[in-house]
Amino acid sequence: MALYVQKFGGTSVGSVERIKAVAEKVKGFRDQGHQIVVVLSAMSGETNRLIGLANEINDEPTPREMDMLVSTGEQVTISLLAMALHKLGVPATSYTGSQVGILTDSSHTKARIQRIETDEMREDLDDNKVVVVAGFQGVDEEGNITTLGRGGSDTTGVALAAALKADECQIYTDVDGVYTTDPRVCSKAQRLDTITVEEMLELASLGSKVLQIRAVEFAGKYNVPLRVLSSFQDGPGTLIVADSDQDEDSMEEPLISGIAFTANEAKLTLLNTPDVPGVASRILGPIADANIEVDMIVQNVAPAGDYTDFTFTVAKGDYKQTMKILQEQVLPDLGEGEVKGDDNIAKVSLVGVGMRSHAGVASKMFRVLADENVNIRMVSTSEIKISVVIDEKHMELAVKALHKAFGLDKSDIESE
Ligand code: ADP
Ligand code: ASP
Ligand code: MG
């Protein structure tokens, strides 16, 4: 007998039929004698619908009221699933995040889980009940409802699995595992049997939304066995493994494990700013004060040496505000220069622990993009990833070309 935390995403509970199918699936596991905690997302599209309603009423709703609103989506699915389980003769109780004791800090819309009470869940499990928990939400010390950021039900699932010391956290979604890249964009992408926590963290942070990054962080920190599977078809899915679990002797590590991409960033450049100590902090200080996260940063020194261009990227949602800060605060402070911006960019990233021991990944990447006539606007690297910023219109082409060039295409591997 095992204890499984099973999280089902929006598409998997997107209709009454789908919810009934989830109930059947959960019943199947319980019939085999396993204890099951289910974590659910809202029906697909529901969270976006709620955000849309808010924006029709107020374009700057307070984060507290936003959380009050968007947390309702999950309350619908958990109650419906409990009813569907009852219909199948399975005892089950649904709980909101606050009822089950998921305590978070008070950073509304991006709260972090601090503690989880497990006593009540344990009692239910011992009574042979299925516990159904609303994903994405928690409660702060003052009793305010909080949410964990978009895609946060993954994190609820892994955090519950950690707190309950579950045998496995299973993330059921609309693809049958983690792929070499988003299979909806590249039809030649293929499922990975395993991927390391380190690689999954990079992929998640660089735009692959199959798992929320905090869920992967939790899994790494608390050693939670984490698996991504399809809720529509049976199969082994993809197991996220600790970095040390990779068997380095038996298999040559592939150079690249996956390609992530996102069109969710925008780029801003300050041209002809004075090249004197402290400029970078005078540019980025006011941005940080506004709580805007900066991703890539590039500074070019002009040939004369007195002036420099300074470019950085932020989330697309922060573009307008960042532009305003640069124009109204930073430029007057620097006394000279010019601001330019572009929100039609994409970031494409190669990820793989194998690149640690191989030179030449970057040069190959640049050559492939050059052959496709794709202009590279920015580059950043770390030990196991290389990211480039390109024009958004070239994103799909770049992903497909790189996927092929680095030997990730399905047919290439099958014919080996
Ligand atoms: P859920 O609603 O179940 O949480 P998401 O839409 O959040 O599902 O995540 C699943 C989606 O992630 C897939 O439909 C796929 O388009 C996308 N995705 C992006 N990158 C990858 C990848 N490398 N492997 C698998 N899916 C990916
Ligand atoms: N419903 C939330 C969202 O759409 C949380 C989740 O699905 O994980 O972001
Ligand atoms: Mg998701």
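Residue indices begin at 1 and follow the sequence shown. Remember, it's 1-based here, ligands and their atoms both numbered in the order they're listed. Values below: every heavy atom of this structure, side chains too, minus hydrogens, waters and symmetry copies.
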In ligand 2, which numbered atoms sit nearer than 4.0 Å to a non-hydrogen atom of Arg150?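 Once the distances to Arg150 are compared, the set is 3 (C), 4 (O), 9 (O).
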Give the atoms of ligand 2, by number and element, whose distance to some non-hydrogen atom of Ser153 is under 4.0 Å. 5 (C), 6 (C), 7 (O), 8 (O)
Ser41 N/O to ligand 2 N/O under 3.5 Å: yes
Note: Arg367-Asp371 ion pair, threshold 4.0 Å (strictly below):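 Result for this pair is no, no salt bridge flagged.
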[X]: heavy atom below 4.0 Å from ligand 2, yes or no?
{"X": "Gly151", "answer": "yes"}
{"X": "Gly135", "answer": "no"}
{"X": "Glu74", "answer": "yes"}

Spacing of Asn48 atom CG and Arg150 atom CZ [to the nearest 0.5 Å]: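 Output value for this atom pair is 4.5 Å.
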To the nearest 0.5 Å, what is the distance between CG (Leu229) and CZ (Arg191)?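 Interatomic distance, Leu229 CG to Arg191 CZ, rounded to 0.5 Å: 9.5 Å.
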Nearest non-hydrogen partners of Ala54 and Met66, listed with the distance: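 That would be CB-SD, 3.6 Å.
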Tell me whether Lys7 reaches ligand 1 (any heavy atom closer than 4.0 angstrom to a ligand atom). yes
When Thr155 is tested against each of Arg112, Arg214, Gln212 for side chain to side chain donor-acceptor pair (under 3.5 Å), which residue passes?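 Exactly one candidate clears the test, Gln212.
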Regarding atom 13 (C) of ligand 1: of the candidates Ile259, Val351, Asp174, Val210, which has the closest heavy atom? Asp174
